[in-house]
Undergrad: 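Sending over a structure as structure tokens; questions will come in a sec.
By convention in this document, chain letters (A, B, ...) are assigned in the order of the sequence lines, proteins followed by strands, and residues within each chain are numbered from 1. Treat the numbers as computed from the prediction; the structure is a model and nothing was measured. Hydrogens, waters and symmetry mates are skipped; everything else that's a heavy atom, side chains included, is used.
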Amino acid sequence: MKNMGRALLLAGLMATVLLTPTVRAQTGSSPDQAKAQQAREALQAGDHATAIRLYGELVETNADDLSFRFGLGQALYFAGQVDSAIEHLERVRDASGGPGAVQYVLGQAYLEKERFDAASAALDAAAAERPDIVPLAFLRAELCYRIGRSEVAERRLRQVIAMQPDWDVPHLRLGALLLDEGRAAEAVGPLEQALQLQPANVDAALLLAGAYTNQERPEASVAMLESTHEALPDSLPILLALSFTYDKLSRAELLDAMANRILELAPGHPGAELRLAQQAELRGELEVALGHIRRADAGYGRAPRLMAGTSAGAEWDVRSGEAPEALRLMADLRQQLGADTEARRIAERLVAEYPRYPNGYFLLGNMMLRGGEAEAGREYLARFKQLTDGRVQTGLGANFLESDESLVQATAAFERAIAIDAKDARALIGLAETQRRSERPNEALEALERARTMGAEPVSWYTNYILALGAAGRTDAAMSAWAEATQLDLQLPYDVTVFAYGAVDACRF
Amino acid sequence: MTRALVALVAVACLGSAFHLQGQAATPFVDVTDASGLDFDSVYGSVDRSYVTDSGGSGAAWLDFDGDGRLDLALVNGLAGPSAQPYAATAAAQAGNALPGSLRADGSLPRGDLFRATGSGFAAVGRVSGFEPAAWANAAVVADVDNDGWPDVYVTTIGTNILLRNNGDGTFSRANNGAEDERWSTGAAFVDWDLDGDLDLYVANYVDFDGAATATLGDGVCNFLGIEVFCGPMGLTGSRDAFYENRGTSFVPWDPPEVDPDANFGFAVLAIDCDGRSGQEIYVANDSNINLLYRRGEEQVEDLSLFSGAGFSGSGREQAGMGISGADVDGDGDFDLLVSNFQHDYNTYYENLGDCTFRDSSARVGLAADSYEYMAWATLFFDVDGDGDEDAFVANGHLYPQLADRGLQEFAQPSQLFLNRLREDGDARFEQSHDVGSLGTPRSARSAAYGDFDGDADSDLVVTRIDGPPVLLRNDTARAHPALRLTLVGRSSSRLPLGATVRVASGEVTQYRELRQGEGYLGSNDTRMLIYLPGGRADELEIIWPGGASTLLLEVGPGDLLIDETYGLRARRER
């Protein structure tokens, strides 16, 4: 949901038409004019490559023609070559005094590059000329949202909706904003409206499913997803959401149907293969399960691992949490099918690749016990118990974290987890969060320092690290960490965004 | 004639008024109304706002008056207050029930005893003194004092009760030393120290503090996105209790190895899993590791983590509810079945020998069909008389809030899985859908099997959380004739729990073990029904708990009373 720029291409094109005519062609022969007409038609048809080529040729021979250069800038922007687009658009702006259309496209481009001050100035300039342009008003709201000025963003979005109530995008953005703020009950209305206006809006459907669930309306979530699935039978995100829902509701047949459909659309999808393997195993169809799980394991193996930045100081493996379960199931199936040597090899691989995954130790420990390696087996099972007990406490702590009123219980649970296993990075991060939220940022930073060497999960680590640094008054360090997290393309929670852009003097209203 | 012999004769002569001539088309028939069984079940508040409202109460088969007919004891909860169950039990037991404990008509819910009359049942709780008033859970039958009369131990949220059978058709509440005051659930009797009397293991669940526990409306706990009561996760567990029987009373025994983490104990089964002298104790815990203890030289040996029966096959802690044991695969050792929560399967632990188990639930066909149900009592018994043990599971949901929203049904069908061991030579279960009233959706909790109509098959009583219990008569066509054994201990405990029976009939050898407290909160008929594929028992061997054995050869079908010292004391052919 962060970047809605691409979704606004068509609206943006309309806006440039509505804004004051841009600079007129000052030079150019009739052939050039004909070429320019072709370029305009290509741009309007979405053939950006052709538009870029034609405008590029025109600019090359008519360097001072701002209209050609503006056309080139637009085409480059819509084609995703944003840096090049900005370069040309700025030249047009500087030479022409910045008419509304130029400022509008430039503002969009700046927004995409997160140059918020520049975007604000450009969009404000465009709005001064034509405040009634709906996509422009939306972009100004979007900017405010992107820099964490949610109150202003919300106000602006509601104005946009009042201006054009039948456009789904502002409803969607408003719903997303309300969800980010923990106002799920209020989010339902805008999201329902977005979906009603555009039944094929997958983002709206997924967000609405979450809002319904948050409001204890799981039956509404199921119904809405099923309805969206009917409208979009080939939407992979919807299929995945439905399969997850059916899994929770123990609707095995529907889950199988979803998983099979996912595989038709995305052959080898590891999550779907894993679900089918689990269902087949439950039915005792072990060979069938083994086929699925082999493909799942191959799929998970292709997923990239995230390497750490300097703040974290350790490698993070952010392959899906399902990957070790797939490997465990594969070993278990081999064992059930009598291939004990192969099963043992896979179990050893599981423990080696996922040293904090408890069930690997459980599997291997039991193999050892049954194989006569009593002492080693008991050691592995003891390690399994230690990791499991720690996870129980960490899970309890995570539940308690959902409310500010249960931070004391959360702290106790995380401390118990750390007492069980001092290297539990997740528990350390949880403890840090309780300390941060209890206004003890320096203690939080200490816990995070301990966590960082243990392969901590990066999103939660960076979230707490940045916010704790901010709370401790170490703004420069916080912004440095924020830059690292951005470079790692981590999707951090909205309150980190609010903090990170606190100093940005944009979103003037 | 001795009482036991009277019982044997009476069984053979029993002409059940509600047994149809020939075999009915539907295997299990609801004969509750016809039997005269009239029991108003109560267990907490109907909106299930606390975890104290959820577990239900047990049912126990016993021949309390020695007339040879199987009687039925039912215990009851209280109507409330759900946040103060201990106080409610104490007040009810003292005779001044809290107002919230009473039914709408102002009456105090109590347990009751139903005496088999030959044509049905008659309530005799009041006259017999069997009418415990408490937030009661299990009813576990055992001859605690070795006087030949079955006593009943009732677990409660609050002080547990021992109702001692006086031998004259009445019961007295006995101060016995086993008055555990915590939230007790399942219990099992076992001659742990092999001294000839029955010791007691009590599973305790939660150390419940109603004032500190969130309830419905607090918005704290949810299941599938719907707010429900909280627990047990997030609450404090309560440590199990172990009592040594000293003959006249019980003495608390506190081995440090037993439940040091105070898990959420739900069901207990004493079972011999290693083929050596004495039974082990297996405890199904709710959302914690299941426990397995063996008697060691000086102490209790804790096998829980290393047995393979502590977790699912993938290492998950499961929400264990009920337990049953049987030699499912015919290899001479006893396997386990543990019923679990919804969105999980019931776990069949195949015994690999010496108390080492493996989760073989999927392989034997017990996993997939159980996944969507919330299971409580589970019982192995031979339903169809083919010489192997089938599996019964009583299902019923926990949260009415989900049913209110159309997400899950509160009433769920119970299930019967028939073992194909004798047909196919391999232990595989197939769910039978021709089960008659057994499959009627109910919010079931406890169950107990017993041959109440004397036709040599096992019938069922099933209790419910939101209604009276149901009596299901088994009319399944039986493949082979039956042997019914009543065992009487002498140097072993009078009710010789832990006695193992081996029956070789034709090419089939079957093993059984005498247990009590099996299933969930209930007590089964202690007379063993064993079917004879070869038409007779070529060899019938009883291995008594103390180690002695009795061997009989070429025994035909019928009812046998076998005494540890005197051997075959009575026999009635059928």
Side-chain angles (χ1 to χ4, degrees), chain A residues 212-223 245 247-252 278-286 289 325 328-329 332-333 335-337 357-363 365-366 369-370 374 377-378 381-382 384-385 387-389 391-392 395-396 399-400 402-403 405-406 409 413, chain B residues 212 214 218-228 230 233-235 261 287-289 304-308 310-317 341-345 352-354 356-374 401-402 404-408 428-429:
Chain A
Y212 280 144
T213 302
N214 181 279
Q215 290 303 292
E216 296 188 9
R217 296 172 58 188
E219 68 280 20
S221 175
V222 173
T245 302
D247 193 13
K248 283 184 67 175
L249 294 174
S250 302
R251 295 186 186 168
Q278 290 168 333
Q279 294 299 314
E281 199 234 355
L282 272 183
R283 294 190 299 266
E285 297 166 5
L286 302 184
E325 168 55 19
R328 185 211 63 78
L329 183 54
D332 191 29
L333 287 167
Q335 182 176 241
Q336 291 188 63
L337 288 166
Y357 181 65
N359 295 356
Y361 294 91
F362 181 81
L363 182 66
N366 277 302
L369 277 184
R370 289 184 206 133
R378 286 176 172 246
L381 286 172
F384 155 74
K385 187 71 165 52
L387 289 169
T388 298
D389 287 347
R391 280 198 174 193
V392 166
L396 268 176
N399 283 339
F400 284 128
E402 290 182 9
S403 165
E405 291 169 355
S406 52
Q409 293 99 313
Chain B
D218 292 342
V220 175
C221 298
N222 74 82
F223 182 71
L224 299 183
I226 305 291
E227 190 188 6
V228 296
C230 290
M233 293 306 287
L235 304 182
D261 296 333
S287 310
N288 304 132
I289 180 176
S304 309
L305 185 56
F306 313 112
S307 67
F311 305 88
S312 74
S314 63
R316 266 185 312 107
E317 289 170 328
F341 206 74
Q342 190 186 30
H343 196 57
D344 198 355
Y345 57 86
L352 304 177
D354 198 26
T356 304
F357 294 88
R358 176 173 60 201
D359 178 351
S360 296
S361 314
R363 189 181 62 74
V364 302
L366 284 174
D369 288 333
S370 65
Y371 206 77
E372 64 180 287
Y373 297 110
M374 197 166 292
Q401 292 78 18
L402 268 71
D404 295 342
R405 300 282 288 276
L407 279 176
Q408 302 281 333
R428 286 274 193 277
F429 288 87

Undergrad: Apply side chain to side chain contact (heavy atoms under 4.5 Å, CB included) to Asn399(A) and Met233(B), showing your working.
TA: CA-CA 11 Å; Asn399(A) 283 339; Met233(B) 293 306 287; over 6 Å; no
Undergrad: To check you understand the geometry: which heavy-atom pair defines the closest contact between Arg217(A) and Arg405(B), and what is its length?
TA: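 Shortest heavy-atom contact: CA-NH2, 3.3 Å.
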Undergrad: Using a 4.5 angstrom heavy-atom cutoff, name the option from Leu282(A), Asn359(A), Val222(A), Leu286(A) with the most pairs to chain B.
TA: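 Among the listed options, the one with the most contacts to chain B is Leu282(A).
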Undergrad: In terms of heavy-atom proximity below 4.5 Å to chain A, should Asp261(B) be classed as side chain, backbone, both, or neither?
TA: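 Interface part for Asp261(B): side chain.
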Undergrad: Between Phe357(B) and chain A, which part of the residue has a heavy atom less than 4.5 Å away: side chain, backbone, both or neither?
TA: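 Only the backbone of Phe357(B) comes within 4.5 Å of chain A.
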Undergrad: Where does Leu402(B) contact chain A at under 4.5 Å (heavy atoms): side chain, backbone, both or neither?
TA: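 No part of Leu402(B) comes within 4.5 Å of chain A.
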Undergrad: What part of Thr388(A) is in contact with chain B, defined as an atom under 4.5 angstrom from a non-hydrogen atom: side chain, backbone, both or neither?
TA: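 Interface part for Thr388(A): side chain.
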Undergrad: Checking Leu352(B) against chain A: side chain, backbone, both or neither under 4.5 Å from a heavy atom?
TA: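 Interface part for Leu352(B): side chain.
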Undergrad: Please report the closest heavy-atom contact between Leu407(B) and Arg251(A), naming both atoms and the distance.
TA: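 Smallest interatomic distance, heavy atoms only, reads O-NH2, 4.0 Å.
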Undergrad: Please flag which part of Arg328(A) lies under 4.5 Å from any non-hydrogen atom of chain B: side chain, backbone, both or neither.
TA: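 It is the side chain, since no backbone atom gets that close.
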Undergrad: Distance from Asn214(A) atom CG to Asn222(B) atom CG, nearest 0.5 Å?
TA: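 Result: 10.0 Å between the selected atoms.
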Undergrad: Below 4.5 Å from any heavy atom of chain A, which atoms of Tyr371(B) appear? Answer side chain, backbone, both or neither.
TA: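 Tyr371(B) touches chain A through backbone and side-chain heavy atoms alike.
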Undergrad: Is Ser312(B) in contact with chain A via its backbone, its side chain, both, or neither, using a 4.5 Å heavy-atom distance?
TA: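 Backbone only.
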Undergrad: With chain A, which of Ser314(B), Ser361(B), Gly234(B), Ala367(B) has the greatest number of heavy-atom pairs at distances under 4.5 Å?
TA: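 The option with the most such pairs is Ser314(B).
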Undergrad: Where do Pro218(A) and Gly225(B) come nearest, in terms of heavy atoms and distance?
TA: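 Scanning both residues completely, I find the closest heavy atoms to be CD-O, 4.1 Å.
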Undergrad: Would you say that Gln408(B) contacts Leu249(A) through its side chain, given a criterion of any heavy-atom pair below 4.5 Å between the two side chains?
TA: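 Yes, their side chains come closer than 4.5 Å.
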Undergrad: Less than 4.5 Å apart, side chain to side chain, heavy atoms only: is that true for His343(B) and Asp247(A)?
TA: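 A side-chain contact under 4.5 Å exists here.
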Undergrad: With a 4.5 Å cut-off on heavy-atom pairs, point out which of Glu216(A), Glu325(A), Gln215(A) contacts chain B the most.
TA: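 The answer is Glu216(A).
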Undergrad: Write down the atom of Leu369(A), the atom of Phe306(B), and the distance for their closest heavy-atom approach.
TA: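 Minimum heavy-atom separation between Leu369(A) and Phe306(B): CD1-O, 3.5 Å.
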Undergrad: Heavy-atom cut-off 4.5 Å, strictly under: side chain, backbone, both or neither for Arg358(B) against chain A?
TA: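 Interface part for Arg358(B): both.
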